[in-house]
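Quick note: numbers below take in every heavy atom, side chains included, and nothing from hydrogens, waters or symmetry partners. Note that the coordinates shown come from a computational prediction; the quantities given were computed from them, not determined experimentally. Ligands are counted one by one from 1 in listed order, and the atoms in each one are counted from 1 as well.
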Amino acid sequence: MASVQDNLLDWLKDAHAMERQAEDMLTAQAKRLEHYPDLKQRIEQHIEETRWQQGQVDAAIKRLGGSPSVLKDIGGKAMAFGQAMAGMTMPDEVIKGSMSGYVFENLEIATYTVLITAARAAGDEETAMACEAILKQEEAMAQWILEHLGPTTQQFLGRSQNPDLEAKR
Ligand code: MG
Ligand code: FE
C-alpha cells in the first residue's frame, strides 16, 4: 500500500534523477558541438533551464519531507555517461543526438504530466504549479528540436559531401 503522497515523492525522486541525467547529457552534447551554433546555443539555454528545474524538484521533495535519492541520481548519471560515450563514436552524432534529445524531452513531458496529476491528487498545488512551469520548458525544447531536425539534417548532408568539412559535430 502506498499513499498518494508516497507515490508523488517517489516520482519526484525519479524526476530529480532524470534531470541530473539531462544536465549531463546536454552538457556533453553542447561541449562537442562546433559547426551547429544554433543547436549548441539552444542546448546551452536548456542546460540553464534544467538546473532551475532540478531546484524546483528538489524543493518539492523537501516540502514532502524527503531528500533526492542518491542511488537514483547515480543511475541517471551513469546512463548519461553511457549515452555520451556512445554518441561520440557515431559518424552522425549531431543527428543521433538531436533524435535522442527529442525522445528525452518527450520522456520529460510524460513525467511532468504524471507529476502534475499526482500533485493535485495530493493537494500539493505548489508542486503542481512548479511542474506546469517545467512542462512548458520541456514542450518548448521538444518543439524546437523537432522543428530543427530537418534543417540540421540538410546541413549535415551538405557538410558530409565536402571532404574539407567535418559534419558529425
Ligand atoms: Mg528537464
Ligand atoms: Fe528537458
- How wide is the angle at the Mg ion (ligand 1) between OE2 of Glu138 and OE1 of Gln53, to the nearest 10°? 90°
- Message: Closer than 4.0 angstrom, basic N to acidic O: yes or no for Arg120 and Glu132?
- Response: yes
- Does Asp14 come within less than 4.0 Å of Lys72, counting only side-chain N to carboxylate O? yes
- Carboxylate-amine/guanidinium proximity below 4.0 Å for Lys136 and Glu139: no
- Task: Kindly say whether Thr127 contributes a backbone atom to a donor-acceptor pair with the side chain of Asp124 at under 3.5 angstrom?
- Result: yes
- Query: Under 4.0 Å between a Lys/Arg side-chain N and an Asp/Glu carboxylate O for Glu93 and Arg169?
  - Reply: no
- Item | Cationic N near anionic O, under 4.0 Å, Lys77 to Asp73 | no
- Tell me, with the steps shown, if Asp24 and Arg20 meet salt bridge (charged side-chain N to carboxylate O under 4.0 Å, His left out). CA-CA 6 Å; Asp24 288 355; Arg20 294 288 297 270; 5.9 Å; no
- Angle subtended at the Mg ion (ligand 1) by Glu19 OE2 and Glu108 OE2, rounded to 10 degrees: 80°
- Ignoring waters, how many protein N/O/S atoms are under 2.8 Å from the Fe ion (ligand 2)? 4
